[in-house]
Visitor: 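Here it is, the structure, as structure tokens.
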Amino acid sequence: MTGVRGAAGALGSVTTPGVGWRPSRREAWLSAGLVFAVALLVRLWAAGQVPFPIPEDSTYYWGVARNLAEGRGIVSDTIWSYATPARDPVTGTFGFFFPRPAFEIWLPLPSFLGVVLMLLTGSTAYGVAALVPAVLGALVPVAAWRIAADLAEERGLAAERARTMALGSGLAGAVWLSLVLPSTLLDSTIPFGLPALVACLLMVRLVRRPPVRLLDVRLVGLGLAIGVSALARNEAAWVGATWALVAWAAFRGAGLRRVIGFVAVPGLVAVAVMAPWLVRDWLVFGSPLPGQAVTNAFSLSGFDIFAWNHPPTLARYLDAGPGTWMSQRVDGFLHNVGGVLLVPGFPVSLVGLAGLLAVGRAAALRPLLVLSLLLFWITTLLFPVATTWGTFLHASAPVQVLL
């Protein structure tokens, strides 16, 4: 802690009357650069310990990226799920065949990012693609530093304490297992988490200094962040819902039309980012929306994603009865709290959870807190079985940063 204070004190700051400590531009760049450098070194070392991933989702993303790099298109050589048939390009009928169009429910951003490095290096090895989550994952602790700096400014902390809290948060995130581990795997966790955190930072700035026009660059940037996160995970819908709730709470006094405008602009930008992929899914799978997400809500077992003879249905789910429904949600809750948050991140996660009682109402944390609650409770209550197979885990980076 003393070392963090000493490093922070050498950077310099500016103080604005009434708002407390605020880092100067020089301090901000130096602090962010320090956190990024430490985080990147840790992640590159950790990624080097994973020559090939065990999780099937990482293998799936890498396989599609490899097929893209080899000129075969957005196809997969495996059937990951039997819930969504694809359109046969030859016959035009829907069915299951090899190779098949990829991403019937998952989204393509991890593979798209991985193929860029493959094309640049000329190698389709998994280790090349794994550099993507390592580099992007090193930016997540930088976001944690920035959020902590916003919180320190809001609470009016003295300069030394504020620097210690901000740098301490960033450096803790740089070495914390809960944020390091997903940075070693090519999957959706980091490609979703980073733009979601950027969106939360933009929300704080929009509330602090409300836009005077609808085409404010921050509203456009918020839409881009939501759209990019939507290319990684379907939970981007809850990022948009977070902004709708935050905007209503902050701007409702200015009138409903103004609130609608502030929500509509990022929403339209996000849809524009997603539009090409929605059209592709419509042509290939018959719907622009991931219908399998609804099917997952009716699962009675995690193995239902592979069910061929007896796929999940509403009737079968209703027949299971209230006892099964309640048991599923208890299991999902315990898994998300213990298996995803508390155990892998102990003791930081426990201290962070307790700390929310003290700072949970802070404006600098409000968007992140709202998003975290939506991510946690929607996956726990609506997808209690699927979440034990990774639904909340892969969307949990913003929640980990909050803790």
Side-chain angles (χ1 to χ4, degrees), residues 55-61 64 76 78-86 94 96 100-110 182 187-189 191-193 196 229-241 274 277-278 281-282 284-337 339-340 371 373-397 399:
E56 68 275 10
D57 50 349
S58 296
T59 308
Y60 186 97
Y61 287 119
V64 176
S76 171
T78 63
I79 294 182
W80 175 81
S81 170
Y82 288 102
T84 307
F94 286 92
F96 298 95
R100 64 183 267 108
F103 303 123
E104 57 269 75
I105 184 171
W106 290 347
L107 287 146
L109 186 58
D187 63 23
S188 60
T189 308
F192 166 77
S229 69
L231 287 172
R233 290 197 64 81
N234 294 303
E235 283 86 353
W238 314 135
V239 184
M274 278 291 293
W277 188 253
L278 296 177
D281 274 359
W282 200 345
V284 173
F285 297 112
S287 171
L289 302 177
Q292 188 178 333
V294 176
T295 306
N296 285 347
F298 302 147
S299 295
L300 297 180
S301 163
F303 292 102
D304 279 346
I305 60 174
F306 307 120
W308 170 258
N309 292 324
H310 304 288
T313 63
L314 176 59
R316 189 189 70 160
Y317 185 78
L318 293 176
D319 288 342
T324 298
W325 306 338
M326 181 61 68
S327 175
Q328 289 176 342
R329 280 150 183 82
V330 171
D331 290 344
F333 176 85
L334 293 176
H335 174 270
N336 289 344
V337 171
V340 176
L371 175 59
L373 290 174
L374 289 176
L375 290 170
F376 179 86
W377 285 113
I378 288 173
T379 53
T380 299
L381 297 178
L382 296 187
F383 304 98
V385 173
T387 199
T388 61
W389 281 52
T391 300
F392 177 65
L393 173 67
H394 292 308
S396 66
V399 189

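Quick note: numbers below take in every heavy atom, side chains included, and nothing from hydrogens, waters or symmetry partners. Only a predicted model underlies this, so the values are computations on that prediction, with no experimental measurement involved.
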Visitor: If I compare all heavy atoms of Y61 with all of S188, which pair ends up nearest, and what's the gap?
Guide: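 That would be OH-CB, 3.7 Å.
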
Visitor: Of the non-hydrogen atoms in D57 and H394, which two are nearest, and what is the gap between them?
Guide: OD2-NE2, 2.8 Å

Visitor: Counting N and O atoms only, with roles assigned by atom type, does the side chain of R100 sit under 3.5 Å from a partner on the main chain of S76, one being a donor and the other an acceptor?
Guide: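 Side chain of R100 to backbone of S76: no pair is present.
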
Visitor: Would you check if the side chain of S327 reaches a backbone N or O of T324 as a donor-acceptor pair within less than 3.5 Å?
Guide: no

Visitor: Find out whether R316 and P312 are in side-chain contact, i.e. whether some heavy atom of one side chain is under 4.5 Å from a heavy atom of the other.
Guide: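 Of all side-chain heavy-atom pairs linking P312 with R316, at least one is under 4.5 Å.
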
Visitor: Report yes if the side chains of F192 and L107 come closer than 4.5 Å at any heavy-atom pair, otherwise no.
Guide: no

Visitor: Determine whether a donor-acceptor pair (N or O, by modelled atom type, separation under 3.5 Å) exists between the side chain of R233 and the backbone of S229.
Guide: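 Such a contact is absent between R233 side chain and S229 backbone.
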
Visitor: Return the set of residues passing ring pair (Phe, Tyr, Trp, His ring centres under 6.0 Å) with F333 (not counting sequence neighbours), or none when no residue passes.
Guide: F376, W377

Visitor: Can you name the closest pair of heavy atoms from A320 and L300 and give their distance?
Guide: CB-CD2, 3.9 Å

Visitor: I want to check something: taking the side chain as every heavy atom from C-beta on, are L318 and W325 in contact at a cut-off of under 4.5 Å?
Guide: yes

Visitor: Calculate, to the nearest 0.5 Å, the distance between atoms CD and CD1 belonging to E235 and I378 respectively.
Guide: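 So the CD of E235 and the CD1 of I378 are separated by 9.0 Å.
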
Visitor: Which value, rounded to the nearest 0.5 Å, describes the distance between W389 atom CH2 and E56 atom CD?
Guide: 7.5 Å

Visitor: List in chain and number order the residues that pass side chain to side chain donor-acceptor pair (under 3.5 Å) with T391, two or more places apart in sequence or in another chain; answer none if no residue qualifies.
Guide: none

Visitor: If I compare all heavy atoms of L374 with all of A241, which pair ends up nearest, and what's the gap?
Guide: CD1-CB, 4.2 Å

Visitor: Determine, stepwise, if the pair I105 / N296 fulfils side-chain contact (heavy atoms from CB on, under 4.5 Å).
Guide: CA-CA 10 Å; I105 184 171; N296 285 347; 3.6 Å; yes

Visitor: For the CE atom of M274 and the CG atom of D281, what is their distance to the nearest 0.5 Å?
Guide: 7.5 Å

Visitor: Given F103, which of V284, V64, T84 fulfils the side-chain contact (heavy atoms from CB on, under 4.5 Å) condition?
Guide: V64

Visitor: So which atom in G302 and which in V385 form the shortest heavy-atom distance, rounded to 0.1 Å?
Guide: N-CG1, 3.4 Å

Visitor: Looking at OG1 of T387 and CG of N336, how far apart are the two atoms once the value is rounded to the nearest 0.5 Å?
Guide: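 Between atom OG1 of T387 and atom CG of N336 there are 3.5 Å.
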
Visitor: Report the distance from atom CD of Q328 to atom OG of S301, rounding to the nearest 0.5 Å.
Guide: 9.5 Å

Visitor: At what distance, to the nearest 0.5 angstrom, does CH2 of W238 lie from CG of L371?
Guide: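 Answer for the CH2-CG pair, W238 versus L371, is 11.0 Å.
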
Visitor: List the atom of G332, the atom of T380, and the distance in Å for their closest heavy-atom pair.
Guide: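 Reported closest heavy-atom pair: C-CG2, 4.2 Å.
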
